[in-house]
Amino acid sequence: MELREDIHSRIVSVDEEERRLAVRSLRGLPLHEVKSLAFTALGDESWRVRKEAVDIILSFSRSEELAREIVAMLSLQGNPGLRNSVVEVLQSIGARILPQLVEQLSHNDPGVRKFLVDIMGGIGSASVLPELSSVLYDEDLNVAAAAAESMGLIGEEEALPHLLRALERDDLLIRYAILEALVKIGRPVPIGRVIQMAADPLLKRALFECLGVIANAEATPLLLDALRERARNIREAALVALESIRNRSSAADIENLIDPQLRSLAGGEAVEYLMSMRESPDRRVKVAAISILGVVKDIRAVDVFIREYRDENFRETALNALKNMGAVAGLQLAELFIDSDDESRSVIAHISGELNLPELSSVMLSGLDDPCPMVRALSAEAIGKTGKVELIPELIKLLDDQQVEVSRRATAALVRLSGIDMVNVSGAAIMLSDSDRLESRLQAVTLLAALRDLSHLTLLSKDENPLVRREAITALGELHSPESAGRLSMALADEEPDVRLAAASALAWEGFDGESGALALALDDPSERVRLAALRSLARRRDRAAFPRIVSLMSSATGLLLITALQAVVLIDPEGALCLLENEQYNEDEEVARVARGLIKEQVKVF
């Protein structure tokens with residue numbers, strides 16, 4: 001008794017934290033002793049105290065009598081915090097509380113009935129759908145609307161007949177709640193049961209949002225008419241619904257029922273509305289406007305697509321719209337290209353490569369001579385993407401362009417085309433390889449690698465410029481042809497460290513037989529980077545003949561070189577490397593010692 005009185009005095013303290021701790025102290029005490037204190041705390045002015053009380057009550061065994069007492073507290077007036085806490089408790093108890101909630105559905109206070117219905121929706125059990133369907137006809141409109149909302153939250157298809165019948169109640173609030181519930185349930189319903197509400201301006205937006213979820217191609221005429229509505233929010237709702245229906249319709253319905261009706265909008269006022277809606281801040285509306293405009297195939301929309309294509313967030317949508325337009329878009333883009341500014345021409349050139357329409361060949365061809373470097377570069381790229389081998393001669397002219405980005409993209413385009421027309425691309429590559437320009441010879445390496453032209457790559461690997469030699473050696477290594485092994489080994493003696501480094505890295509491929517000796521000699525290279533590359537290549541080749549040479553290197557190696565050597569010997573001969581690792585685990589270089597200890601642990605697991 002004294003303990004209970006002490007807790008009671010603390011629960012009514014003016015200090016919020018003391019009240020909270022007092023409620024927490026109720027945990028574990030018998031329910032009959034502390035129930036009234038916990039109920040008192042449910043109505044505390046502090047949400048922290050109320051939260052503590054909710055947790056305490058939920059920790060008790062939930063008998064039917066306790067449930068009824070908690071439900072009865074919903075009728076207490078003047079304390080919103082208490083009601084909210086009670087709702088939280090009841091929803092947390094879940095389906096076990098439903099019989100007690102159903103008992104009270106006839107309560108004379110509509111506020112209590114609404115709370116009960118809300119809690120049922122929050123619990124989400126389909127077992128109360130029969131009771132909720134009766135509440136749809138409650139004399140209090142707020143309670144009836146709450147029943148519709150709860151049925152939507154429960155989300156079961158069996159609620160649909162009840163909701164559709166309740167649409168007969170001529171009340172805006174109830175009908176709106178039912179439409180929202182139909183959206184939440186998300187199952188198809190006969191649209192004849194709902195479209196009569198299109199006559200009510202206040203329900204149109206909710207109706208169209210609902211149709212976007214529950215309707216099929218049958219709703220297309222109604223939604224098309226709505227695109228001409230004066231109210232923007234209604235037009236936008238109809239537009240989003242229209243796109244949603246189209247996206248989930250069958251190919252047959254799209255081809256035979258939806259798209260022919262959409263194309264009938266071309267040239268009309270509705271297209272102006274559609275183009276204005278793509279400026280909406282709502283992403284759904286904007287995407288729908290762009291997509292539907294593509295189906296309509298009105299040439300006025302092409303300029304809109306060009307603008308939207310610049311935004312990465314809408315690029316794919318705009319491109320798909322242009323694809324839907326097909327040849328119509330190609331002709332209009334080609335016409336717009338002539339008089340557009342640099343940025344727009346660049347966009348059209350890029351689009352040309354993505355669409356691959358015959359109507360855009362003129363864009364790519366004229367783009368190669370454009371005064372804007374980016375247009376030239378993107379036109380070259382487009383030719384490569386679309387496989388227009390007939391434009392190879394024109395493309396080759398860009399290989400000497402003074403703008404590096406232009407020549408680079410022209411080279412990349414020729415690489416793409418090399419699989420289609422090797423002869424012409426090979427001629428361009430050989431011409432570049434004889435050029436006095438460094439950039440041209442580097443481009444030649446790229447093209448020759450794509451063509452797998454070992455002989456000309458070998459010639460370039462002896463170029464006077466070390467950068468060309470390095471790139472050629474790298475290319476030869478990546479082609480993995482045994483014929484290149486000798487040239488790669490010779491490159492290990494190049495005067496330029498970067499070339500030797502490229503050769504040492506390339507020789508990691510096991511198919512270059514007989515080159516381990518050259519790699520072992522590279523362990524004496526004056527450049528540590530070359531020695532590191534040689535070590536890594538020997539390790540990848542698992543070359544046991546190199547083991548003694550690597551051990552010899554370790555005697556004078558330090559830092560990264562020593563660490564790489566340790567890793568190499570482990571790969572080549574794990575058992576033979578163990579004693580070497582044990583020696584180095586006490587190295588004064590802590591990083592070396594740490595790596596050695598880690599490798600020892602790995603070897604112990606293996607053995």
Side-chain angles (χ1 to χ4, degrees), residues 121 132-133 136-137 141-142 144-249 253-254 257-258 261-262 264-265 269-270 273-274 276-277 280-289 291-292 295:
L132 288 174
S133 65
L136 287 172
Y137 301 93
L141 299 179
N142 287 316
E149 291 171 8
S150 289
M151 293 172 83
L153 288 172
I154 292 171
E156 292 294 331
E157 192 170 358
E158 62 188 274
L160 293 177
H162 304 291
L163 290 168
L164 292 174
R165 277 196 297 271
L167 283 173
E168 297 169 1
R169 295 195 69 175
D170 188 13
D171 179 80
L172 178 66
L173 178 63
I174 294 175
R175 287 181 168 180
Y176 189 89
I178 290 173
L179 289 174
E180 287 198 326
L182 294 176
V183 169
K184 287 187 173 69
I185 295 172
R187 304 290 200 284
V189 301
I191 65 169
R193 304 290 296 273
V194 297
I195 58 174
Q196 69 267 22
M197 283 181 284
D200 188 338
L202 297 177
L203 282 174
K204 279 187 176 181
R205 180 177 180 179
L207 171 62
F208 296 148
E209 289 175 347
C210 181
L211 290 177
V213 175
I214 68 169
N216 54 27
E218 185 184 359
T220 303
L222 175 63
L223 295 171
L224 284 179
D225 286 343
L227 294 179
R228 300 178 178 88
E229 287 277 349
R230 294 184 62 184
R232 184 184 183 97
N233 65 340
I234 294 177
R235 294 199 307 270
E236 290 182 346
L239 174 64
V240 171
L242 196 55
E243 195 219 8
S244 176
I245 290 172
R246 186 177 185 274
N247 284 343
R248 66 170 187 274
S249 293
D253 279 352
I254 292 172
L257 299 177
I258 300 176
Q261 296 182 70
L262 286 173
S264 71
L265 299 178
E269 176 187 32
Y273 286 139
L274 284 170
S276 68
M277 281 191 279
S280 171
D282 186 330
R283 177 180 172 82
R284 295 178 311 147
V285 174
K286 188 165 185 172
V287 167
S291 298
I292 295 299
V295 180

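We use all heavy atoms of the structure for the numbers below, so side chains are in, but hydrogens, waters and symmetry mates are not. Predicted model only: the values in this text are computed from it and were never measured.
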Pairing residues for [X] by the side chain to side chain contact (heavy atoms under 4.5 Å, CB included) criterion, not counting sequence neighbours:
X: A181; answer: L163
X: A241; answer: L223
X: V189; answer: L160, L164, I214

**Prompt:** Between D282 and R284, does at least one N-O distance fall below 4.0 Å, as a salt bridge requires?
**Reply:**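 Looking at R284 together with D282, the answer is yes, because their closest N to O distance falls below 4.0 Å.
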
**Message:** I'd like to know whether L242 forms a side-chain contact (heavy atoms from CB on, under 4.5 Å) with L262, so could you lay out the CA-CA distance, the side-chain angles of the two residues, the decisive distance to 0.1 Å, and finally the verdict.
**Reply:** CA-CA 10 Å; L242 196 55; L262 286 173; 3.6 Å; yes

**Prompt:** What do the steps show when you test V213 against L182 for side-chain contact (heavy atoms from CB on, under 4.5 Å), and what is the final call?
**Reply:** CA-CA 8 Å; V213 175; L182 294 176; over 6 Å; no

Close side-chain approach of [X] to [Y], heavy-atom, < 4.5 Å:
X: L132; Y: H162; value: no
X: L239; Y: L274; value: yes
X: D253; Y: N216; value: no
X: F208; Y: V240; value: no

**Request:** Quick one: pull up OG in S291 and NZ in K286 and give me the separation to the nearest 0.5 Å.
**Result:**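 One finds 12.5 Å between OG of S291 and NZ of K286.
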
Please report the shortest heavy-atom distance between [X] and [Y], naming the atom on each side.
X: I245; Y: A215; result: CG1-O, 3.8 Å
X: M151; Y: A159; result: CE-CB, 3.7 Å
X: G155; Y: I185; result: CA-CG1, 3.9 Å
X: A145; Y: A177; result: O-CB, 3.6 Å

**side chain to side chain contact (heavy atoms under 4.5 Å, CB included) partner of E236, chosen from E209, M277, R205** =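 Among E209, M277, R205, the one meeting side chain to side chain contact (heavy atoms under 4.5 Å, CB included) with E236 is M277.
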
For [Y], is there any backbone N or O sitting under 3.5 Å from a side-chain donor or acceptor partner on [X]?
X: R175; Y: R169; result: yes
X: S264; Y: Q261; result: yes
X: R228; Y: Y273; result: no

**Request:** Start with the C-alpha distance between R193 and R165, add both sets of side-chain angles, then the distance that settles side-chain contact (heavy atoms from CB on, under 4.5 Å), and finish with yes or no.
**Result:** CA-CA 9 Å; R193 304 290 296 273; R165 277 196 297 271; 4.1 Å; yes

**Message:** Between V194 and L211, does the side-chain contact (heavy atoms from CB on, under 4.5 Å) criterion hold? Intermediate values first, please.
**Reply:** CA-CA 9 Å; V194 297; L211 290 177; 4.0 Å; yes

